[in-house]
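Working notes for the structure below.
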Amino acid sequence: TYEIGDRSWIVARQKDGSIRAYVNACLHRGMQLVAEGMGHLPALVCPFHGWSWNMDGTHRGITEQWDFPQLKDRDLCLPQAKAATWGGFVFINPDPDAQPFAYCIGELDDHFASDPYENRRIAAHVARVTPANWKVAMEAFIESYHVSPTHPQAVPVSEYPETQYDIYNENVSRLATISIAPVGDALKAMSEQDFADFAAQSTGREPVKLRPGQTYREALAEERRKLVSEASGKSVEHLTDVEMLDAVEYFVFPNFMPWHGYGLQIAYRFRPNGDDHQSCIMEIYLMLPRDLSQPCPKAPETVWIPEGGSFGSCEALGRVGPIFDQDWVNILGVAKGLKSTVKRGLWLARYQEARIRHYHNRIENLIALGDPV
């Protein structure tokens with residue numbers, strides 16, 4: 001089942017491998033056909049009165065059908081949402097008149113062609129109920145303007161002020177940051193080995209002994225290529241140092257954020273927590289290379305961080321966990337501050353926060369069109 005807002009869908013794989021998504025409600029009295037969760041079913045049977053459907057959505061039977069003469073010759077197939085897949089993720093859209101999925105994801109296929117997400121596995125799925133609107137939580141990760149005060153450990157070795165922001169179609173945008181580079185005159189004056197030692201210590205990585213003439217970026221990219229190749233059983237020599245090291249984050253409207261390359265091997269999803277506009281579910285996927293000679297392993301169970309817990313204490317996230325704790329402070333601070341502010345509206349940076357402005361414009365345009373469902 002997939003729950004978002006106060007709505008629920010059944011997402012079901014078909015015999016041919018395709019995926020369909022059905023409204024999770026019996027056509028009789030609206031009873032949920034499937035309780036929250038996941039599993040395997042031979043058919044969809046309403047637990048209230050026993051009406052049933054095949055897994056392809058076709059009607060299977062009504063108990064005591066004699067009592068429903070008004071349904072003779074009626075189409076009793078389960079209503080469907082549009083369903084599509086990208087990189088192993090499933091997307092649904094309840095609007096029957098929605099634009100084609102290929103338009104919605106824009107350039108993603110082309111940009112991820114060198115290293116498709118199908119070559120990854122979900123090594124960890126971490127979720128947390130967050131006391132903030134889903135847009136407030138998501139905005140903490142959609143620009144690099146916050147990095148200097150929020151993540152000071154990253155500043156000396158990352159060119160965050162020079163982050164490039166790109167907006168493609170109305171649904172897709174991107175940021176790209178050089179994550180390993182000497183910043184400032186003092187670091188640029190260091191020898192390559194001295195910078196390598198400094199950068200390893202600052203970022204929590206193991207020290208690297210450089211070969212003569214080798215840069216730290218080259219050494220780190222070489223090491224990561226080796227690790228990815230060993231994990232996947234496939235050469236990744238065609239991938240650039242940028243794809244090996246740097247922070248390249250995409251945003252697909254309304255709430256999906258896959259990172260490209262191996263600089264940050266993660267993806268985000270943000271969604272409302274039921275119908276509560278003051279809380280949301282924040283999800284982090286750890287996307288690691290998989291052994292391409294074997295079937296993709298089953299995704300692990302979702303790890304829920306309890307109230308009062310921390311990302312840093314979540315073993316599944318490894319060394320990136322404490323970084324999310326730094327972002328968490330901002331999410332809570334904005335959620336509370338917005339209730340206190342007396343200023344109307346927000347002042348967004350023209351360039352560095354252009355992606356926030358862009359997706360809010362998209363939301364406003366959809367609201368102006370009215371609810372299509």
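Note that these values count all heavy atoms, side chains included, but never hydrogens, waters or copies made by symmetry. Position 1 is the first residue of the sequence; numbering continues from there.
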**Report entry** Gap between atom CD of E192 and atom CZ of R217 - 0.5 Å precision
**Finding:** 11.0 Å
Query raised in the report: Any Lys/Arg nitrogen of D275 or R7 sitting under 4.0 Å from an Asp/Glu carboxylate oxygen of the other?
Result: no
Query - Check: N169 side chain, Y103 main-chain N or O, donor-acceptor pair, under 3.5 Å - result: yes
Query raised in the report: Taking C-beta and beyond as the side chain, do R225 and V228 meet within less than 4.5 Å on heavy atoms?
Result: no
Query - Any residue meeting ring pair (Phe, Tyr, Trp, His ring centres under 6.0 Å) with F68, in chain and number order, not counting sequence neighbours - result: H28, W51
Report task. Could you tell me whether the side chain of R357 and the main chain of L348 form a donor-acceptor pair under 3.5 Å? Result -> yes
Query raised in the report: Do L317 and L264 sit in the same hydrophobic cluster, where Ile, Leu, Val, Met, Phe, Trp and Tyr count as joined when their side-chain heavy atoms come under 4.5 Å apart?
Result: yes
Requested in this report: Without swapping roles, check the side chain of S18 against the backbone of Q14 for a donor-acceptor pair under 3.5 Å.
Outcome: no
Query - Check: S158 side chain, A154 main-chain N or O, donor-acceptor pair, under 3.5 Å - result: yes
Query raised in the report: Above 12 or not: heavy atoms from other molecules or residues under 6.0 Å from NE2 of H238?
Result: yes
Query raised in the report: Is there a donor in the side chain of S8 and an acceptor in the side chain of E3, or the other way round, less than 3.5 Å apart?
Result: yes
Query raised in the report: If you measure only the distance, is there a donor-acceptor pair under 3.5 Å linking the side chains of Y165 and E353?
Result: no
Query raised in the report: Quick one: which of Y285, F141, F91 gives a ring-ring contact (aromatic ring centres under 6.0 Å, His included) with F256?
Result: F91
Report task. Report the C-alpha distance between R211 and E222 in whole Å, list the side-chain angles of each, state the deciding distance to 0.1 Å, and finish with yes or no for salt bridge (charged side-chain N to carboxylate O under 4.0 Å, His left out). Result -> CA-CA 12 Å; R211 298 191 299 269; E222 182 180 286; 3.0 Å; yes
**Report entry** Y250-F101 co-clustered via ILVMFWY side chain contacts under 4.5 Å
**Finding:** yes
Requested in this report: State plainly whether one hydrophobic cluster holds both I142 and V252, where clusters connect Ile, Leu, Val, Met, Phe, Trp and Tyr through side-chain heavy atoms under 4.5 angstrom apart.
Outcome: no
Requested in this report: Heavy atoms only: give me the nearest A124-A316 pair and the separation to one decimal.
Outcome: CB-CB, 3.6 Å
Query raised in the report: Once the angle between the rings of Y359 and W134 is folded into 0 to 90°, is it parallel (under 30°), tilted (30 to 60°) or perpendicular (over 60°)?
Result: tilted
Query raised in the report: Could you give the distance from CD1 (I62) to CZ (R60), rounded to the nearest 0.5 Å?
Result: 13.0 Å
Query raised in the report: For the side chain of N24 and the backbone of V34, is there at least one donor-acceptor N/O pair under 3.5 Å apart?
Result: yes
Report task. Please lay out, stage by stage, how M138 and M257 fare under the test side-chain contact (heavy atoms from CB on, under 4.5 Å). Result -> CA-CA 9 Å; M138 188 168 72; M257 300 166 73; 3.7 Å; yes
**Report entry** Modelled atom types, side-chain donor and acceptor of T163 and Q352, under 3.5 Å
**Finding:** no
Output side-chain donor-acceptor pairs under 3.5 Å for residues 79-90, partner residues at least two apart or in another chain, one line each.
from, atom 1, to, atom 2, distance (Å)
K82, NZ, A98, O, 3.1
W86, NE1, D109, OD1, 3.0

Report task. For D325 and F311, indicate whether the former's side chain and the latter's backbone hold a donor-acceptor pair under 3.5 Å. Result -> yes
Query raised in the report: Do R205 and E223 sit within salt-bridge range, that is, some charged N less than 4.0 Å from a carboxylate O?
Result: no
Query raised in the report: How far apart are the closest heavy atoms of I180 and Y216, and which atoms are they?
Result: CG2-CD2, 3.6 Å
Report task. Could you tell me whether the side chains of R290 and N119 share a donor-acceptor contact shorter than 3.5 Å? Result -> no
Query - Distance-only side-chain donor-acceptor flag, H151 / D327, under 3.5 Å - result: yes
Requested in this report: Tell me yes or no: between the side chains of E139 and H360, is some donor less than 3.5 Å from an acceptor?
Outcome: yes
Query raised in the report: Is the CZ atom of R350 crowded by more than 12 outside heavy atoms at less than 6.0 Å?
Result: no
**Report entry** Atom CG of D67 with >12 non-hydrogen neighbours under 6.0 angstrom
**Finding:** yes
Query raised in the report: Which pair of heavy atoms, one from V208 and one from A196, lies closest together, and at what distance?
Result: O-CB, 4.3 Å
Query raised in the report: Ignoring hydrogens and geometry, is there a side-chain-to-backbone donor-acceptor pair from T150 to Q326 under 3.5 Å?
Result: no
**Report entry** Atom pair CE/SG of M31 and C26 - distance to nearest 0.5 Å
**Finding:** 9.0 Å
Query raised in the report: Between R355 and E249, does at least one N-O distance fall below 4.0 Å, as a salt bridge requires?
Result: yes
Query raised in the report: So W53 and Y22, side-chain contact (heavy atoms from CB on, under 4.5 Å) or not? Walk me through it.
Result: CA-CA 11 Å; W53 285 264; Y22 310 114; over 6 Å; no
Query raised in the report: So if you build clusters from Ile, Leu, Val, Met, Phe, Trp, Tyr with side-chain heavy-atom gaps below 4.5 Å, do F253 and L369 land together?
Result: yes
Report summary line: Rounded to the nearest 0.5 angstrom, the CD-OG distance for E237 and S229 is 6.0 Å
**Report entry** Cation over ring face, R128 and W328, 6.0 Å, 45°
**Finding:** yes
Query - Separation of M282 CE from N255 CG (nearest 0.5 Å) - result: 13.0 Å
**Report entry** Exercise: identify the closest heavy-atom pair between A221 and D241
**Finding:** CB-OD1, 3.3 Å
Report task. Given side-chain contact (heavy atoms from CB on, under 4.5 Å), test V126 with W304 step by step and report yes or no. Result -> CA-CA 6 Å; V126 177; W304 286 88; over 6 Å; no
Query raised in the report: Does OH belonging to Y145 count more than 12 external heavy atoms closer than 6.0 Å?
Result: no
Report task. Give a yes or no on this: more than 12 heavy atoms of other residues, nucleotides or ligands lie within 6.0 Å of atom CD of Q201. Result -> no
Report summary line: To the nearest 0.5 Å, atom CG of N93 lies from atom SG of C104 at 6.5 Å
Report summary line: Heavy-atom nearest pair, Y117 first then I266, reads OH-O, 3.3 Å
Report task. Could you check whether the rings of F324 and Y268 sit parallel, tilted or perpendicular, using 30° and 60° as the cut-offs? Result -> perpendicular
Report task. Please test V155 against V183 for side-chain contact (heavy atoms from CB on, under 4.5 Å), starting from the C-alpha separation and ending with a verdict. Result -> CA-CA 8 Å; V155 173; V183 178; 5.6 Å; no
Report summary line: Shortest non-hydrogen pair, P300 vs H125, comes out as CG-N, 4.5 Å
Query raised in the report: Side chains of Y262 and D115: is there a donor and an acceptor less than 3.5 Å apart?
Result: yes
Query raised in the report: Does atom CD of Q70 have more than 12 heavy-atom neighbours from other groups under 6.0 Å away?
Result: yes
Requested in this report: Group every Ile, Leu, Val, Met, Phe, Trp and Tyr by side-chain heavy-atom contacts under 4.5 Å, then state whether I284 and I305 land in the same group.
Outcome: yes
Query raised in the report: Please walk me through it: do D197 and K209 pass salt bridge (charged side-chain N to carboxylate O under 4.0 Å, His left out)?
Result: CA-CA 9 Å; D197 295 340; K209 182 66 175 177; over 6 Å; no
Query - Residues R271, E283: salt bridge by 4.0 Å N-O rule - result: yes
Requested in this report: Check the side chains of T177 and D246 for a donor-acceptor pair under 3.5 angstrom, ignoring hydrogens and angles.
Outcome: no
Query raised in the report: Does D166 come within less than 4.0 Å of R174, counting only side-chain N to carboxylate O?
Result: yes
Query raised in the report: What do you reckon, is NE2 of H277 surrounded by more than 12 foreign heavy atoms closer than 6.0 Å?
Result: no
